[in-house]
Amino acid sequence: MKVEWNGEVDESLRPRLPERLSALYHENSKLFPELARRQAEGLTMSSMEQFISSRGFLQHPQHPQVALPEPEPGAASLTEVLRARRSGRELSGGFGLTCLSTLLQQALGPTLVYATDSGVTQAVRAWPSAGGLYPLDTYVLARAVDGLPPGLYHYNIATVALERMPARPVDEVVRDGFFWQDWVCNAAAIVLLVAAFDRTLAKYGDRGYRLVLLDAGHAAQNLLLVSEQERLGACAVAGFCDDALAADLGIDGVDEAVVHSVVLGARSV
Ligand SMILES: Cc1cc2nc3c(=O)[nH]c(=O)nc-3n(C[C@H](O)[C@H](O)[C@H](O)COP(=O)(O)O)c2cc1C
């Protein structure tokens, strides 16, 4: 059936504009057929916007690199892992670099790397990403990972290495970043998912903010499931101090910000 619509909106049908910021944002980032048509007609990105939105991943080659060992995936079936997963906050002790490598590469690493027609290298991942734009970069706060000095690292998916970032002592970063959740201070490692919003907003405008957060949820779930496979304690944590973490990561907290985290450690029970 073909639906005809002249693009006019009956204002009396519009819900009263809500007072909550979240509702205001939600209302103003809705997609509807006419908007989609107009966007498709006028979808012309500048070359800079194209570059930003196709960058795909960040690299810090100027910093010291720690090569990630080959992952050693566990033997549990997906069914077992899905049934068993629960948030674990009773953490004690660390785990090895191979285990961290398995977590990062399986959950967040590239599953295919290829060059686009315009010569840009892109990497697709195990999580679905709106527009295939992959707005997330992965940082790790390592506290007790055997074979890895404590510190702040960026996971470089191209070189399969951790790049050591300049940072304060990691315990200070964790204490200030997760200020009222004391149990986080026992983590062996904390994975921080950092959004470079422009990669998605360049294509989808303000609606892209929603999509970036959906990406973060998908990516975090991958990490939680691989953690379960590795029999680790793991918990998704969004209760962090945005500005403290941004300052420690050296990002502005607006165009680039921590949007989610997964706290990891050996299980105490
Ligand atoms: C987006 C998100 C943010 C969360 N933030 C926190 C947090 O800050 N602290 C915490 O202890 N748990 C946090 N959790 C974990 C939830 O409390 C937990 O998933 C929920 O209670 C369900 O329990 P389960 O994971 O064991 O199934 C978060 C979960 C999600 C999905």
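Values reported hereafter were calculated over all heavy atoms of this structure, with side chains retained and with hydrogens, waters and symmetry mates removed. Values in this document were obtained by computation on a predicted structure and should not be read as measured data. Just follow the structure's listing: the first ligand is 1, and inside any ligand the first atom is 1.
The shortest contact between atom 7 (C) of ligand 1 and any protein heavy atom is with Gln181 NE2, 3.6 Å. Remark: minimum distance from atom 28 (C) of ligand 1 to any protein heavy atom is reached at Ala236 O, 3.1 Å. Scanning all protein heavy atoms for the shortest distance to atom 16 (C) of ligand 1 gives Arg89 NH2, 3.7 Å. The single protein non-hydrogen atom nearest to atom 5 (N) of ligand 1 is Ala238 N, 3.0 Å, given as residue, atom name and distance. Summary of contacts: the protein heavy atom closest to atom 18 (C) of ligand 1 is Ser87 OG, 3.5 Å.
Under 4.0 Å from ligand 1, the heavy atoms of Cys235 that appear belong solely to its side chain. Contacts of Trp183 with ligand 1, taken as heavy-atom pairs under 4.0 Å, involve the side chain alone.
Under the side-chain hydrogen bond (donor to acceptor under 3.5 Å, both in side chains) test applied with Glu163, the options His154, His63, His60, Gln62 reduce to a single match, His154.
Distance check on atom 22 (C) of ligand 1: every protein heavy atom falls at or beyond the 4.0 Å cut-off.
Of the N or O atoms in His260, none lie within a sub-3.5 Å distance of an N or O in ligand 1.
Hydrophobic cluster membership is shared by Leu201 and Tyr25, with clusters built from Ile, Leu, Val, Met, Phe, Trp and Tyr side chains linked at under 4.5 angstrom. When hydrophobic clusters are built by joining Ile, Leu, Val, Met, Phe, Trp and Tyr residues whose side-chain heavy atoms come closer than 4.5 Å, directly or via intermediates, Leu225 is not grouped with Tyr155.
Atoms of ligand 1 found under 4.0 Å from any heavy atom of Gly239 (numbered from 1 in listed order, with element): 8 (O). Near Arg86, the atoms of ligand 1 lying under 4.0 angstrom from a non-hydrogen atom of the residue are 24 (P), 26 (O), 27 (O).
Atom CZ of Phe197 is surrounded by more than 12 heavy atoms from other residues, nucleotides or ligands within 6.0 Å.
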Query raised in the report: Run the salt bridge (Lys or Arg N to Asp or Glu O under 4.0 Å) check on Arg199 and Asp137 step by step: do they pass?
Result: CA-CA 11 Å; Arg199 287 185 214 160; Asp137 294 302; 2.6 Å; yes

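A side-chain donor-acceptor contact under 3.5 Å links Thr111 to the backbone of Val124.
Taking the six-membered ring for Trp and the full ring otherwise, Phe178 and Trp183 have centroids separated by 6.0 Å or more. Here the two rings, on Tyr153 and Tyr139, have centers that are 6.0 Å apart or farther.
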